[in-house]
Amino acid sequence: MPNVFRQAVLTGEIALTTKAPVLRGARIAGTGSAVPDRILTNFDLEKMVDTSDEWIVERTGIRERRIASEDVVTSDLASQAALRALDDAGMTAEEVDLIIVATVTPDTIFPSCACWVQAKIGAKKAAAFDISAGCTGFVYAVSLAWGLVAQGAYDSILVVGAETLSRIVDWEDRNTCVLFGDGAGAAVVKPCELGEGILEYVLKSDGTGSDVLIIPAGGSGMPASHETVESRLHYIKMKGNPVYRFAVRAMVEATSEVLEKANLKIEDVDLIIPHQANQRLIELAAERLGVPDKLYSNVAKFGNTSAASIPIALDEAARGGVLKNGDTLVLVGFGAGLTWGGAVLKWNKE
């Protein structure tokens, strides 16, 4: 039984039930990010596939993305972001209780990317595991971390969203290869007073849409073979129109629902950090929510980095002074699964 929970039971503050109680709040105490040095511009892509800078910018708002070198794996970027987040929180890796990595591009099927990160940063006492929720992965992971900290199970959780999507992109498919980039973002979740930090979250999924954004081969349903490799089935396959329609609905729905759960209105929100998939999607969601100036975007610089996109943007906004203590912040994502979700925070990093 965790120390905080045990003490509360022994002193009679709570009774043992099947549902763990919320004993305290949980906040993001530090952020960090890491992206590769190599920049792949739209003009570079013009030399690789039948596309143009004008076509890409008009449809996505993306102008460039970062691509990892061949000797860099997902856990390398995750570890860099993690160490920067720990430094920002004034902590060492030895103080971390748990590591959660959200990714669809782990170094290996097993062990988890989180275990590789644990070893690389020297978090000797931390438990570690991955979650796979596509581009919504960081929202899922932060929500899980909030529950574990708020219930007294852990005192410090390192949450990382990290991807090397360049390894699973079909560089012959102009409809998808222009979208994705590599990177990692991290956050340290620690206890705080009730009513501060992470206030509420919503997590959603619809497995009937599993086939609209998928890597068909490489799992138990279609093991790797000469045929699957020759048919290029180990790369991202996306049905663009269904994903586009789903994405706007999901962002608006998740934002509205999480604010309702927290008894807040859209007018109370200072900043929304959405999954960075497409500038047109972000602008359309902002229009439907009625907050055209509150959605943060850096998709032009980094493209879609899946589970890494929200924490990279969060770190950029925090370090750039866009996000200030006391601000009400919404994180909202959508992705493969289909999955979507949101979290609302009262920002109090310091």
Side-chain angles (χ1 to χ4, degrees), residues 35-36 38-42 44-52 55-56 59-60 62 64-78 101-110 112-113 130-137 161-184 207 209-244 246-247 275-278 281 299 302-309 333-339:
V35 295
R38 181 191 171 195
I39 297 174
L40 184 71
T41 69
N42 293 346
D44 295 325
L45 282 167
E46 288 179 350
K47 303 170 185 176
M48 299 167 59
V49 291
D50 181 16
T51 191
S52 68
W55 187 90
I56 298 170
R59 286 163 178 77
T60 71
I62 300 169
E64 59 188 41
R65 67 288 294 147
R66 300 299 181 96
I67 304 296
S69 59
E70 292 182 0
D71 61 340
V72 170
V73 293
T74 299
S75 66
D76 292 328
L77 294 173
V101 174
T103 185
V104 297
T105 54
D107 303 13
T108 49
I109 293 177
F110 65 87
S112 69
C113 185
D130 290 356
I131 64 170
S132 178
C135 303
T136 324
E163 307 285 9
T164 48
L165 295 171
S166 59
R167 308 291 164 77
I168 59 171
V169 166
D170 186 348
W171 293 103
E172 296 181 6
D173 178 8
R174 74 165 187 166
N175 292 314
T176 57
C177 74
V178 302
L179 301 175
F180 299 103
D182 301 333
S210 295
D211 64 336
V212 303
L213 187 54
I214 188 173
I215 295 180
S220 62
M222 192 182 296
S225 66
H226 290 296
E227 290 75 17
T228 62
V229 173
E230 290 171 358
S231 299
R232 309 185 74 79
L233 297 177
H234 296 266
Y235 296 123
I236 296 171
K237 307 296 180 185
M238 183 175 71
K239 298 177 182 177
N241 289 334
V243 170
Y244 192 93
F246 154 72
H275 166 47
Q276 306 291 306
N278 182 306
L281 287 177
V299 69
F302 301 116
N304 182 342
T305 55
S306 188
S309 79
F334 57 90
L338 295 165
T339 61

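Owing to the predicted nature of the structure, the values given are computational and were not obtained by experimental measurement. Residues take their numbers from the sequence shown, with the count starting at 1.
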What I want to check is whether the side chains of [X] and [Y] have a donor and an acceptor closer together than 3.5 Å.
X: Thr74; Y: Thr164; value: yes
X: Thr105; Y: Glu163; value: yes
X: Arg59; Y: Asn175; value: no
X: Thr41; Y: Glu64; value: no

Inter-residue atom distance [X].[atom1] - [Y].[atom2], 0.5 Å rounding:
X: Ile62; Y: Asn304; atom1: CD1; atom2: CG; answer: 6.5 Å
X: His234; Y: Ser225; atom1: NE2; atom2: OG; answer: 6.5 Å
X: Phe334; Y: His275; atom1: CZ; atom2: NE2; answer: 4.5 Å
X: Met238; Y: Phe180; atom1: CE; atom2: CZ; answer: 5.5 Å
X: Leu165; Y: Ser306; atom1: CG; atom2: OG; answer: 5.5 Å
X: Ile215; Y: Tyr235; atom1: CD1; atom2: OH; answer: 10.5 Å

[Y] backbone acceptor or donor facing [X] side chain under 3.5 Å:
X: Ser210; Y: Gly337; value: yes
X: Thr228; Y: Ala224; value: no
X: Asp130; Y: Ala102; value: no
X: Thr103; Y: Ala162; value: yes
X: Arg65; Y: Val178; value: yes
X: Asp173; Y: Asp170; value: no
X: Thr136; Y: Gly335; value: yes
X: Trp55; Y: Asp50; value: no

Looking only at heavy atoms, what is the nearest atom pair of [X] and [Y], with distance?
X: Val212; Y: Pro242; value: CG1-CB, 4.2 Å
X: Ala68; Y: Ser166; value: N-OG, 4.3 Å
X: Pro36; Y: Ile67; value: CB-O, 3.4 Å
X: Gly221; Y: Pro223; value: C-CD, 3.8 Å
X: Ser69; Y: Arg167; value: O-NH2, 2.7 Å
X: Gly137; Y: Ala307; value: CA-CB, 4.4 Å

After noting the C-alpha distance and the side-chain angles of Arg38 and Val72, does the key distance pass the side-chain contact (heavy atoms from CB on, under 4.5 Å) rule? CA-CA 12 Å; Arg38 181 191 171 195; Val72 170; over 6 Å; no

Can you list everything that forms a salt bridge (Lys or Arg N to Asp or Glu O under 4.0 Å) with Glu46? Sequence neighbours excluded, please. none

I'd like to know if Asp211 and Lys239 make a salt bridge, using a cut-off of under 4.0 Å between side-chain N and carboxylate O.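 The answer is yes: the pair qualifies as a salt bridge.
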
Would you mind checking if Asp182 and Arg66 are paired as a salt bridge, meaning a charged N to carboxylate O distance below 4.0 Å? no

Check whether any side-chain heavy atom of [X] sits under 4.5 Å from a side-chain heavy atom of [Y], and report yes or no.
X: Pro216; Y: Lys237; answer: yes
X: Gln276; Y: Thr305; answer: no
X: Asp107; Y: Ser75; answer: yes

Could you go through the side-chain contact (heavy atoms from CB on, under 4.5 Å) check for Leu281 and Thr60 one step at a time? CA-CA 8 Å; Leu281 287 177; Thr60 71; over 6 Å; no

All ring-ring contact (aromatic ring centres under 6.0 Å, His included) counterparts of Phe246, not counting sequence neighbours: Trp340

Would Val35 and Phe302 satisfy side-chain contact (heavy atoms from CB on, under 4.5 Å), going step by step from the backbone distance to the final call? CA-CA 9 Å; Val35 295; Phe302 301 116; 4.0 Å; yes

Apply side-chain contact (heavy atoms from CB on, under 4.5 Å) to residues Ile56 and Thr51 and explain how you reach the verdict. CA-CA 7 Å; Ile56 298 170; Thr51 191; 3.5 Å; yes

